[in-house]
A.B. asks: 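I have a structure I would like to understand better, so I am pasting it below and will then ask my questions one at a time.
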Amino acid sequence: MPIYIYQARARDGKKISGQMEGQNIQAIASQLRSTGIIPLDISEKKSSKVSAIANLQVSFGRPSSLKTQELIFFSRQLYTLLKSSVPVMQALDGLKETTTNPVLAKIIANLRDSLDEGTDLTTALRRQSDVFPALFVSLVHIGETTGRLAEVFNDLSTYLMKEKETRDQVKAALRYPMIVLTVIAIGMVIINIFVLPNFVKMFSSFGAELPLPTRILMMTSDFMINYWYLCIAIPFLIVYAFIKYISTSQGKMLWDQYMLNMPLFGTLIRQSAITRFARSLAVTGKAGVPMEQALRVIAPTVGNAYMEKKINGMRAGVERGESITENAKRMEIFPGIVVQMFSVGEESGSLDEMIGEVADYYEREIAYSIKALTSAIEPIMAIIIAGIVLVMALGIFLPMISLLGALH
């Protein structure tokens, strides 16, 4: 994004100047006004040849986002420095010198520039909303207002670490069948294009009637060789249409709802979403974020549009004065054990602890589900492979057996 130089008037009437990244002048003006600063003049900074090259280098390092691992590093390092009573400005300077990631270094420099203008850390983070999630910013805001900023960064690093572990576990479980199916598909293409035509020529030279499995294989091979462009175009169009459909709000809602009930994988996906919800709610509750505000910032983090809609429905109920247990039960997205733990937590005044127990419980359940899923997938993959091998063997060896019998 381009960099803009601005001159503005602060809340106390002083004239200030600085520079910010943004899509256009209107976006910069809007960001300034949101912090109580009145913009006077905004102009795009003319980049030099050196800075253009530097920006190009950073652009290949995902300038608008950070990997979870980098956010963990950022949070953990700030916790360590702030716990040692290092001021925030000095901590950011030290962190900028420590990191070897040019993208993170640039983001920290932007934060430092915002703090130099007199803004607080929350506002500085909010200006880079494409980098720092709303949950991250909300917790930092609570930490600044309560004087527990170091503890909040510690909670954030722990939360992000567990979130990454859960996501990696789920990805690993879903990756195995995808790899196996991809290898099978590639193997079928190779056999149909390079192997079967040689057998077809041999069988055709004898002029004998071929068994049904062989004729099916020959038809498949001929179609793949003569109409290869359709074999490429049809799957591509199906995938393209599917992606376009789920990019719509209705399509994404229906697909995400189906994913929660998908055979084999639905349980794991639902457990992952509930774990993410419970862990986020536990962290915000520990930081002192009000329930309705916590639900508002947590809803987009669950990674499922259907559950996000239900959580927003819970938030609306909480804002009306209803208990979270009543709303969780009415939304019908949580198992009975989760609703019971919500109820016990509300009655005993230890809701944050019980929500943390829910997150810990489902973390263990995810590990068990992954093992169960792997155990279930392995025989299924074995049956699929065996079926393909059987069809190929029948198609190739049956006519050979028939020809040998005819020769005798």
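Heavy atoms only: backbone and side chains are in, while hydrogens, waters and symmetry mates are out. Start at 1 with the first residue, then count along the sequence.
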A.B. asks: Are Tyr361 and Ile274 packed together at the side-chain level, in the sense that at least one heavy-atom pair is separated by less than 4.5 angstrom?
C.D. replies: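 In short, these two side chains do not touch, never coming nearer than 4.5 Å.
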A.B. asks: Do side-chain atoms of Ser114 reach the backbone of Asn110 as a donor and acceptor pair under 3.5 angstrom?
C.D. replies: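 Such a contact is found between Ser114 side chain and Asn110 backbone.
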A.B. asks: Look only at the side chain of Thr284 and the backbone of Ser280, and say whether a donor-acceptor pair between them is shorter than 3.5 Å.
C.D. replies: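 Flag set: sc Thr284 to bb Ser280 pair under 3.5 Å.
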A.B. asks: Side-chain contact, heavy-atom cut-off 4.5 Å: Phe132 with Leu111?
C.D. replies: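 Yes; the side chains approach each other to less than 4.5 Å.
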A.B. asks: Decide yes or no on side chain to side chain contact (heavy atoms under 4.5 Å, CB included) for Glu292 and Leu295, but give the supporting numbers first.
C.D. replies: CA-CA 5 Å; Glu292 57 272 16; Leu295 292 174; 5.8 Å; no
A.B. asks: Surrounding CD of Gln293 (heavy atoms of other residues, nucleotides or ligands, distance under 6.0 Å), is the total greater than 12?
C.D. replies: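 Result for CD/Gln293: enclosed.
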A.B. asks: Going by heavy atoms in the side chains, are Phe153 and Thr80 under 4.5 Å from each other?
C.D. replies: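 Result no, sub-4.5 Å side-chain heavy-atom pair not found.
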A.B. asks: Could you pull out the closest heavy-atom pair between Ala299 and Asn312, with the gap in Å?
C.D. replies: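 Residues Ala299 and Asn312, closest heavy atoms: CB-OD1, 3.5 Å.
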A.B. asks: For residues Asp155 and Arg148, determine if any side-chain heavy atom of one lies less than 4.5 Å from a side-chain heavy atom of the other.
C.D. replies: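 The answer is yes; the side chains approach within 4.5 Å.
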A.B. asks: Between Arg127 and Glu117 (salt bridge meaning N to carboxylate O under 4.0 Å), is one present in this structure?
C.D. replies: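 So Arg127 pairs with Glu117 through a salt bridge.
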A.B. asks: When you look at OH of Tyr227, are more than 12 heavy atoms from neighbouring residues, nucleotides or ligands closer to it than 6.0 Å?
C.D. replies: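 Not more than 12 within 6.0 Å, no.
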A.B. asks: Are Thr68 and Glu163 close enough, and set up right, to give a side chain to side chain contact (heavy atoms under 4.5 Å, CB included), and what steps lead you there?
C.D. replies: CA-CA 9 Å; Thr68 304; Glu163 174 70 12; 5.5 Å; no
A.B. asks: Heavy atoms, side chains only, cut-off 4.5 Å: are Lys96 and Arg112 in contact?
C.D. replies: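 No - every pair of side-chain heavy atoms lies 4.5 Å or more apart.
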A.B. asks: Between Trp255 and Phe242 (judged by ring centroids, cut-off 6.0 Å), do the two rings come close enough to count as a pair?
C.D. replies: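 Ring centres of Phe242 and Trp255 closer than 6.0 Å.
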A.B. asks: Could you tell me whether a side-chain N or O of Ser84 sits under 3.5 Å from a main-chain N or O of Val86, the two making a donor and an acceptor?
C.D. replies: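 Absent.
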A.B. asks: Are Leu78 and Leu156 close enough, and set up right, to give a side chain to side chain contact (heavy atoms under 4.5 Å, CB included), and what steps lead you there?
C.D. replies: CA-CA 11 Å; Leu78 275 182; Leu156 277 170; over 6 Å; no
A.B. asks: Does the side chain of Met291 come within less than 4.5 Å of Leu351's, by heavy atoms?
C.D. replies: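 A side-chain contact under 4.5 Å exists here.
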A.B. asks: Do Phe73 and Asn101 have side chains that get closer than 4.5 Å, going by heavy atoms?
C.D. replies: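 No; the side chains remain at least 4.5 Å from each other.
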A.B. asks: Would Glu319 and Arg315 pass as an ion pair if we require N to O under 4.0 Å?
C.D. replies: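 The answer is yes: the pair qualifies as a salt bridge.
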A.B. asks: Distance-only, no hydrogens or angles: does the Ser221 side chain make a donor-acceptor pair with backbone N or O of Met218 under 3.5 Å?
C.D. replies: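 The answer is no, because no donor-acceptor pair under 3.5 Å joins these two groups.
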A.B. asks: Under the 3.5 angstrom rule, does the side chain of Glu365 hit a backbone N or O of Gln271 as a donor-acceptor pair?
C.D. replies: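 It does not hold such a pair.
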A.B. asks: Please check if the side chain of Asp256 supplies one atom and the backbone of Ala305 the other of a donor-acceptor pair under 3.5 Å.
C.D. replies: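 Yes; at least one donor-acceptor contact below 3.5 Å.
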A.B. asks: Check Glu144 against Thr122 and note the closest heavy-atom contact, atom names and distance.
C.D. replies: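 That would be OE1-OG1, 2.5 Å.
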A.B. asks: Using side-chain heavy atoms (C-beta onward) and a distance below 4.5 Å, is Arg330 in contact with Asn327?
C.D. replies: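 Yes, close enough: below the 4.5 Å cut-off.
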A.B. asks: I'd like to know if Arg364 pairs up with Asp360 as an ion pair, taking the criterion as any Lys NZ or Arg NE/NH1/NH2 lying under 4.0 Å from an Asp or Glu carboxylate oxygen.
C.D. replies: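 Answer for the salt bridge query: no.
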A.B. asks: Judged by atom type as modelled, is there a donor-acceptor pair below 3.5 Å linking the side chain of Arg270 to the main-chain atoms of Ile333?
C.D. replies: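 Yes; at least one donor-acceptor contact below 3.5 Å.
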A.B. asks: Which atoms form the tightest heavy-atom contact between Leu139 and Val152, and what is the distance?
C.D. replies: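 Taking Leu139 first and Val152 second, the nearest heavy atoms are O-CG1, 3.3 Å.
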A.B. asks: Keeping Asn154 on the side-chain end and Ala150 on the backbone end, is there a donor-acceptor pair under 3.5 Å?
C.D. replies: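 Checking the backbone N and O of Ala150 against the side chain of Asn154, no donor-acceptor pair under 3.5 Å is found.
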A.B. asks: Apply the test side chain to side chain contact (heavy atoms under 4.5 Å, CB included) to residues Asp116 and Met89: give CA-CA distance (whole Å), side-chain angles for both, the deciding distance (0.1 Å), then the verdict.
C.D. replies: CA-CA 8 Å; Asp116 283 337; Met89 304 275 274; 3.0 Å; yes
A.B. asks: Would Thr123 and Asp120 satisfy side-chain hydrogen bond (donor to acceptor under 3.5 Å, both in side chains), going step by step from the backbone distance to the final call?
C.D. replies: CA-CA 6 Å; Thr123 305; Asp120 54 20; 2.5 Å; yes
A.B. asks: Can you name the closest pair of heavy atoms from Leu115 and Ala124 and give their distance?
C.D. replies: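 Of all heavy-atom pairs spanning Leu115 and Ala124, the closest is CD2-CB, 4.5 Å.
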A.B. asks: Can you find a side-chain donor-acceptor pair between Thr325 and Ser323 that sits under 3.5 Å?
C.D. replies: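 No donor-acceptor contact under 3.5 Å links the two side chains.
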A.B. asks: Can you label the angle between the Phe334 ring and the Phe277 ring as parallel, tilted or perpendicular, going by 30° and 60°?
C.D. replies: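 Phe334 and Phe277: tilted rings.
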